[in-house]
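Only one structure is covered here, and it is reproduced in the block below.
If you're wondering where the values come from, they're calculated on a predicted model, not measured in any experiment.
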Amino acid sequence: MSTPLRIATRGSRQALAQSAAVAAALSSATGLEVKLVQVKTTGDIRADAPLHTMGGQGVFVKEVQLAVLDGRADLAAHSAKDLPSAPADGLTIAAFTKRRDPRDALVGSTLGDLAEGATVASGSVRRRAQLRRVRPDLAFTELRGNIDTRLTKIPNGGAIVMAVAALQILDMTDRITETLEVDEFVPAVGQGCVAIECRSDDASTIGALASIDHALTRHDVEVERAFLAELGSGCSLPVGGHVVDGVLRTFLANLDSGVSISDEIKLSGSVKADVNLARSAAASAHSAVS
């Protein structure tokens, strides 16, 4: 492969930083030249619209995937939490990078220091449902825009919710006021990981990406994605799924009834068996909140 490998990526500062890290790792592992191709997505264009009104997962990835399918790029780098659980025709996830910190965090105030009725800004129905379960008195408002914009939108006397990994990649973890632990605040499926897609028939790129595929992260995220896929839902439903230390933690809520359920499932270590366990857990959770 003599020509540079081209990575399609969103143009946000976070996406570019993530993709630059992928490019550096890939170049170091293979000796290949790697360059970035910026793509604007529906989620970027409609930056003021609430995420749950935009059709769920896929709003940050479809145009990036298309750039690979039509030959403008050789691979696509996505925040794994943005990637729909159903595979895209003609593409394969050839690598999952080693996961950074998967947790959510509050910026502006700790949970305990928020006054009764304080406002928390978040565009995630999952984050709102989990916080509401612990602090039903809180008020919520939408939060969209790039990271720098969101950090300027901390409500007076309130807080915003951010992914720790997003702040890590930009060296901004000093803005974190409190990190929320995964046993109570289950992260989004794939949170903290970058998923890298390429064309299913591109054997040379698949081979190159194998050099940066992180086996443990692949196992864990594939199990999480199986849980989400069984639900048939995306970020429009309050759902979390996270594997750590051989345990799948899950969260599911019903917005209409306010019922929510959390569970912990001990995994076997076998991808096939653990995917089946995740599917069973999803079916049980859906039945419990329906």
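For the pair R133 and F251, the minimum side-chain heavy-atom distance is below 4.5 Å. When side chains are defined from C-beta on, R175 does not count as touching L170, because their heavy atoms never get closer than 4.5 Å. Between D183 and R249 the shortest side-chain heavy-atom distance falls below 4.5 Å. With contacts defined as side-chain heavy-atom distances shorter than 4.5 Å, the pair V223/R218 does not qualify. Side-chain contact between I160 and V120 is absent, with no heavy atoms from C-beta onward closer than 4.5 Å. Looking only at side-chain heavy atoms (C-beta outward), T97 and V22 come within less than 4.5 Å of each other. Side-chain contact between R128 and P238 is absent, with no heavy-atom pair separated by less than 4.5 Å. Between L209 and L26, the closest side-chain pair of non-hydrogen atoms falls below 4.5 Å.
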Run L83 and I93 through side chain to side chain contact (heavy atoms under 4.5 Å, CB included) and show every step you take.
CA-CA 10 Å; L83 198 60; I93 302 176; 3.5 Å; yes

For salt bridge (charged side-chain N to carboxylate O under 4.0 Å, His left out), just list the numbers for E184 and R135, CA-CA rounded to whole Å, side-chain angles, deciding distance to a tenth of an Å, and then say yes or no.
CA-CA 12 Å; E184 192 166 22; R135 288 285 306 271; over 6 Å; no

Salt bridge (charged side-chain N to carboxylate O under 4.0 Å, His left out) between D148 and R13, worked out
CA-CA 9 Å; D148 296 301; R13 199 156 72 92; 2.9 Å; yes

Applying side chain to side chain donor-acceptor pair (under 3.5 Å), run through E197 and Q65 and close with a yes or a no.
CA-CA 8 Å; E197 292 183 306; Q65 291 173 326; 3.0 Å; yes

In sequence, state the C-alpha distance, the side-chain angles, and the governing distance for R199 and V68, and then conclude on side chain to side chain contact (heavy atoms under 4.5 Å, CB included).
CA-CA 7 Å; R199 290 181 293 276; V68 177; 3.7 Å; yes

Working note: S200 + D202, criterion side chain to side chain donor-acceptor pair (under 3.5 Å); need CA distance, chi angles, decisive distance, verdict.
CA-CA 6 Å; S200 302; D202 187 351; over 6 Å; no

Apply side chain to side chain contact (heavy atoms under 4.5 Å, CB included) to V161 and F185, showing your working.
CA-CA 12 Å; V161 193; F185 298 91; over 6 Å; no

Derivation of the side chain to side chain contact (heavy atoms under 4.5 Å, CB included) call for D213 and F96:
CA-CA 5 Å; D213 186 42; F96 288 100; 4.1 Å; yes

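Side-chain contact check for N146 and T149: at least one donor-acceptor pair (N or O, by modelled atom type) lies under 3.5 Å. D74 and T205 are not linked by any side-chain donor-acceptor pair at a separation below 3.5 angstrom, with hydrogens and angles left out of the test.
Note on I154: it does not cluster hydrophobically with L111, by side-chain heavy-atom contacts below 4.5 Å among ILVMFWY residues. Both L114 and V134 belong to a single network of hydrophobic side chains, linked directly or stepwise wherever heavy atoms of I, L, V, M, F, W or Y lie under 4.5 Å apart. The hydrophobic cluster containing I196 does not contain I206, counting ILVMFWY residues as joined when their side-chain heavy atoms lie under 4.5 angstrom apart, directly or transitively. Under a hydrophobic clustering in which Ile, Leu, Val, Met, Phe, Trp and Tyr are joined whenever their side-chain heavy atoms come within less than 4.5 Å, directly or via other members, L69 and V64 fall into different clusters. The same ILVMFWY cluster, assembled from side-chain heavy atoms under 4.5 Å apart, contains both I212 and V34.
Scanning both residues, A15 and T9, for their nearest heavy atoms gives O-OG1, 3.4 Å. Heavy-atom minimum distance, P84 versus V61: CD-CG2, 3.7 Å. The heavy-atom pair separating A253 from A129 by the smallest distance is CB-CB, 4.2 Å. The shortest non-hydrogen separation linking I147 to A166 is CD1-CB, 3.5 Å. In this structure, V239 and F227 approach most closely via the heavy-atom pair CG2-CE2, 3.6 Å. When all heavy atoms of A163 and Q191 are compared, the closest pair comes out as CB-NE2, 3.8 Å.
Between the CZ atom in R225 and the SG atom in C193 there is a gap of 9.5 Å [rounded to 0.5 Å]. Distance check: H214 NE2 to K98 NZ gives 5.0 Å after rounding to the nearest 0.5 Å. One distance of note links CG of L5 with OG of S204; it measures 7.5 Å at 0.5 Å rounding. The structure places OG of S122 at 11.5 Å from CG of L138, a figure rounded to the nearest 0.5 Å. Atoms OG and CD, from S19 and Q14 in turn, are 10.0 Å apart once rounded to the nearest 0.5 Å. Note that the NE2 atom of H242 and the CZ atom of R103 stand 9.5 Å from one another [nearest 0.5 Å].
Salt-bridge formation is not detected for the pair K40/E63: no Lys NZ or Arg NE/NH1/NH2 atom is positioned less than 4.0 Å from an Asp or Glu carboxylate oxygen. Salt bridge R126/D104: present, at least one basic N to carboxylate O contact under 4.0 Å.
T177 contributes a side-chain N or O that, together with a main-chain N or O of G108, makes up a donor-acceptor pair within less than 3.5 Å. T110 places a side-chain N or O within 3.5 Å of a backbone atom of D113 that can act as its donor or acceptor partner. When atom types are taken as modelled, the side chain of E178 and the backbone of A105 share no donor-acceptor pair closer than 3.5 angstrom. Between the side chain of S280 and the backbone N or O of N276, at least one donor-acceptor pair lies under 3.5 Å. Side chain of R100 to main chain of Q168: no donor-acceptor pair is present (N/O by atom type, distance under 3.5 Å, no hydrogens or angles). The closest donor-acceptor contact from the side chain of T30 to the backbone of L32 lies under 3.5 Å. In terms of modelled atom types and a separation under 3.5 Å, the side chain of T173 and the main chain of L167 share no donor-acceptor contact. Between the R6 side chain and the G71 main chain, a donor and an acceptor come within less than 3.5 Å of each other. Of the possible donor and acceptor atoms, none in the side chain of S27 sits under 3.5 Å from a partner among the backbone N and O of A24. Using modelled atom types, one side-chain atom of N254 and one backbone atom of V289 make a donor-acceptor pair closer than 3.5 Å.
E181 CD: more than 12 foreign heavy atoms inside a 6.0 Å radius. Crowding of D89 atom CG: a count of heavy atoms from other residues, nucleotides or ligands under 6.0 Å not exceeding 12. Counting heavy-atom neighbours within 6.0 Å of D70 CG, excluding the residue itself, gives a total above 12. At most 12 heavy atoms of other shown residues, nucleotides or ligands fall within 6.0 angstrom of atom CG in D245. Residue H286 places its NE2 atom among 12 or fewer non-hydrogen atoms of other residues, nucleotides or ligands, all under 6.0 Å distant.
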